[in-house]
Asks: 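One structure, as structure tokens, below. Some questions next.
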Amino acid sequence: MSLNKIMPCLTGLLAALLANAALADDNDTPHYHSAGNQPGAMSSSFGETLQEGPSGGIWQQDQLLGTMGGIRPWLGSYGISLGLTETSEVLGNTSGGVKRGFDYDGLTTMTLQMDTQRAFGWYGGLFNVSGLDVHGSNLSAHNLGTLQTSSGIEADNGVRLWEAWYQQSFWKNQADVKIGQQSLDQEFMVSQNALLFVNTMFGWPMVPSADMLSGGPAYPLSSPGARLRLQPTGPWSLLAGVFDDNPSGISPTSDQDSQRLDRFGTNFRMSDSPLFIAEVQYSFPALGDLEYAGKEVLPGTYKLGGWYDAGQFADQRYGTDGLSLATGNGDPRLHRGNYSIYAVADQMLWRESPQDEESVSFFFRAMGTPQSDRNNVDFSLNAGLNYREPFEHREDDVLGLGVGYAHVSSAAAGLDVDSGSIKQNGETFVELTYQYALAPWWALQPDVQYIFNPGAGIADPNSGKRVGNETVIGLRTNLTF
């Protein structure tokens, strides 16, 4: 079974939902039949609001370039929003590692969205296209040798397509379907509080990064597929989707660079095995929830999910001849299917008052798989605390302390023993970061990370001993143009 056998059914389902949405919305929602209509403000993918002009000068406007000389309002009149961001950073290891030094890396992201209601009067539709320009060097690959890479923007240099999808809302916005090229880390397994941090694993977790083919459909890769979201009135919601499981088309027995196999993000593979994923979410207080009326409630979101990949995966220890890969023919035996389950929690623990931004929040995410024979990492965990407005009148600043852990599977560790290498076990890191808001469009973020047992115990090629614990320091800047 491959994705291209499933997609015709999903496309037919979307067509039926579109027809249903059109019939329902004719009764429930007015349509705008002219691109010249001026509905309310439209949000872009970066959470910004299109404005007619800057308010209070450059330091108060949402974007550095403001209206871009009138281009943004003009595009907005046709239902189109333009988002442009740059993340740049300098990171370096002052202790440990294969070698020491500092590297620069950066990421430019451009996103175009079209609201179909504004554009041509079709209610509930949203087109999205985004592209990436990755530049600079890769500290984790060159200096550190860690499993849990130190920056979430590290990737192979180049310009590539990232996402290209259409989303249709229906049932009075209580459900929507998204179909097209998608990056799963934008919606699945997400902890909102964890996104503050610099380390990669606070975004896309270690288990899918290590165990899915190509590292999974996540930054900087993506895959064709379809996603359904149900958001009925109340605290519960559901995300579910099916996607091509192998964005780059890499062989399960290959050690090639998957990003080089899909250099421009245009492989659009649909002939591989399907990757199924589903997530149940519980959030409180729910919008319009009368149970908490008049009470101060500290908001929280809890998620439980899992994924199953129907593809083939290489054994981490044994070959087709039944012998260890260290001594046999070196051809790994293949296993059909792979899965993992996960849990995510975001919970505010304290708030000065309901009107204040000053607050402390906690996050936790754990993921594991019992299938040690076909996975390099069988468990990963992330947790931490965020303190918003740590200083008076700094309501947009956030101080964060986080920790990450990854455990190497018994099969992968067994191969180390068979080959006479240092046996890998687990890798832990701690990160302290502070996001300082200079303006709505500009933030500076000093960052310190300390990695225990880098690479879960890999050998230093210079000495043959375990790579020493690493101290990584750096500064990141985020600009919204």
Side-chain angles (χ1 to χ4, degrees), residues 45-48 62 83 85-91 105-107 109 139-140 146 148-154 183 185-206 209 218-219 283 298-303 342-352 356-367 380-391 394-405 428-451 472-480:
S45 62
F46 301 99
E48 300 151 8
D62 290 335
T85 65
E86 168 68 24
T87 299
S88 292
E89 61 193 15
V90 175
L91 296 172
D105 64 306
L107 169 66
T109 306
L139 179 78
S140 298
T146 52
Q148 302 168 103
T149 50
S150 289
S151 171
I153 67 171
E154 288 178 336
S183 186
D185 56 350
Q186 299 303 289
E187 294 187 300
F188 290 93
M189 312 181 200
V190 176
S191 163
Q192 291 298 324
N193 288 316
L195 297 179
L196 165 72
F197 293 84
V198 173
N199 191 284
T200 305
M201 299 310 145
F202 290 115
W204 189 238
M206 188 69 246
S209 296
Y219 171 86
S283 299
L298 299 177
T301 299
Y302 297 83
K303 305 174 182 179
Y342 62 90
V344 183
D346 283 290
Q347 178 63 56
M348 185 178 289
L349 302 177
W350 170 84
R351 181 166 53 192
E352 177 67 18
D356 289 337
E357 292 290 339
E358 187 178 1
S359 60
V360 175
S361 297
F362 168 77
F363 68 89
F364 174 87
R365 179 175 59 193
M367 177 177 292
S380 65
L381 179 147
N382 307 106
L385 291 168
N386 290 1
Y387 184 9
R388 178 173 289 277
E389 196 181 359
F391 304 104
R394 298 300 309 170
E395 59 272 8
D396 293 325
D397 290 5
V398 187
L399 173 68
L401 178 64
V403 62
Y405 173 75
T428 303
F429 74 89
V430 178
E431 179 176 351
L432 178 67
T433 195
Y434 187 92
Q435 190 173 80
Y436 182 84
L438 290 162
W441 48 267
W442 187 12
L444 289 178
Q445 188 167 349
D447 189 80
V448 180
Q449 301 177 41
Y450 192 80
I451 301 97
V472 176
I473 62 174
L475 178 66
R476 168 179 284 189
T477 182
N478 297 294
L479 293 166
T480 300

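One is the number of the first residue; the rest follow in order along the sequence.
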Asks: Taking only residues two or more places apart in sequence or in another chain, which ones pass salt bridge (Lys or Arg N to Asp or Glu O under 4.0 Å) with Asp447?
Replies: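 By the salt bridge (Lys or Arg N to Asp or Glu O under 4.0 Å) rule, Asp447 matches no residue at all.
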
Asks: Do any N or O atoms from the side chain of Glu154 and from the backbone of Leu139 form a donor-acceptor pair under 3.5 angstrom?
Replies: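 It does hold such a pair.
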
Asks: CD/Glu86 to OG1/Thr109 distance, rounded to the nearest 0.5 angstrom?
Replies: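 Rounded to the nearest 0.5 Å, the CD-OG1 separation comes to 8.0 Å.
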
Asks: I'd like to know whether Gln186 forms a side-chain hydrogen bond (donor to acceptor under 3.5 Å, both in side chains) with Tyr219, so could you lay out the CA-CA distance, the side-chain angles of the two residues, the decisive distance to 0.1 Å, and finally the verdict.
Replies: CA-CA 9 Å; Gln186 299 303 289; Tyr219 171 86; over 6 Å; no

Asks: Can you check whether Tyr302's main-chain N or O pairs, donor with acceptor, with Ser283's side chain at less than 3.5 Å?
Replies: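 Side chain of Ser283 to backbone of Tyr302: no pair is present.
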
Asks: Residues in side-chain hydrogen bond (donor to acceptor under 3.5 Å, both in side chains) with Ser191, at least two apart?
Replies: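 Ser191: side-chain hydrogen bond (donor to acceptor under 3.5 Å, both in side chains) contacts with Asp346.
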
Asks: Let's go through Trp350 and Ser359 carefully: what are the C-alpha distance in whole Å and the side-chain angles of both, what is the deciding distance for side-chain hydrogen bond (donor to acceptor under 3.5 Å, both in side chains) to 0.1 Å, and is it a yes or a no?
Replies: CA-CA 5 Å; Trp350 170 84; Ser359 60; over 6 Å; no

Asks: Can you tell me if Lys303 uses its side chain to pair, donor with acceptor, with the backbone of Ala345 under 3.5 Å?
Replies: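 Judged by distance alone, no pair lies under 3.5 Å.
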
Asks: With sequence neighbours excluded, tell me which residues meet salt bridge (Lys or Arg N to Asp or Glu O under 4.0 Å) with Glu187.
Replies: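 If we apply the salt bridge (Lys or Arg N to Asp or Glu O under 4.0 Å) test to Glu187, skipping adjacent residues, the hits are Lys178, Arg227, Arg229.
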
Asks: For the residue pair Tyr436 and Phe391, is the inter-centroid distance of their aromatic rings smaller than 6.0 Å?
Replies: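 No, too far apart.
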
Asks: Could you walk me through whether Phe188 and Tyr342 pass the ring-ring contact (aromatic ring centres under 6.0 Å, His included) check?
Replies: CA-CA 10 Å; Phe188 290 93; Tyr342 62 90; 8.1 Å; no

Asks: Does Ser150 use its side chain to pair, donor to acceptor, with the backbone of Asn199 at less than 3.5 Å?
Replies: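 No; zero donor-acceptor contacts below 3.5 Å.
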
Asks: Using the side-chain hydrogen bond (donor to acceptor under 3.5 Å, both in side chains) rule, take Glu89 and Thr87 through it: C-alpha gap first, then chi angles, then the decisive distance, then the call.
Replies: CA-CA 7 Å; Glu89 61 193 15; Thr87 299; over 6 Å; no

Asks: Rounded to the nearest 0.5 Å, what's the gap from CZ on Arg365 to CE on Met189? Could you check?
Replies: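 With rounding to 0.5 Å, CZ (Arg365) is 8.5 Å from CE (Met189).
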
Asks: Measure the spacing between CD of Glu389 and CG of Leu399 and express it to the nearest 0.5 Å.
Replies: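 Spacing of CD (Glu389) from CG (Leu399) equals 13.0 Å.
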
Asks: If you measure from CE on Met201 to CG on Leu381, what distance do you get to the nearest 0.5 Å?
Replies: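 These two atoms lie 13.5 Å from each other.
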
Asks: Rounded to the nearest 0.5 Å, what separation is found between the CD atom of Gln148 and the CZ atom of Phe202?
Replies: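 Between Gln148 CD and Phe202 CZ, I get 8.5 Å after rounding to 0.5 Å.
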
Asks: Test Glu431 against Tyr450 for side-chain hydrogen bond (donor to acceptor under 3.5 Å, both in side chains), laying out the working first.
Replies: CA-CA 7 Å; Glu431 179 176 351; Tyr450 192 80; over 6 Å; no

Asks: With Arg388, which of Asp397, Asn193, Val398 fulfils side chain to side chain contact (heavy atoms under 4.5 Å, CB included)?
Replies: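 When Asp397, Asn193, Val398 are each tested with Arg388, the side chain to side chain contact (heavy atoms under 4.5 Å, CB included) holds only for Val398.
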
Asks: Quick check: closest heavy atoms across Phe197 and Arg476, and the distance to 0.1 Å?
Replies: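 Heavy atoms only, the tightest pair is O-NH1, 4.3 Å.
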
Asks: Compute whether any side-chain donor of one residue and acceptor of the other, for Thr149 and Ser140, lie under 3.5 angstrom apart.
Replies: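 Judged by distance alone, the side chains do not pair up.
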
Asks: I need the single residue from Asp185, Thr301, Leu195 that forms a side chain to side chain contact (heavy atoms under 4.5 Å, CB included) with Val190. Which is it?
Replies: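 Looking at Asp185, Thr301, Leu195, the match for Val190 under the side chain to side chain contact (heavy atoms under 4.5 Å, CB included) is Leu195.
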
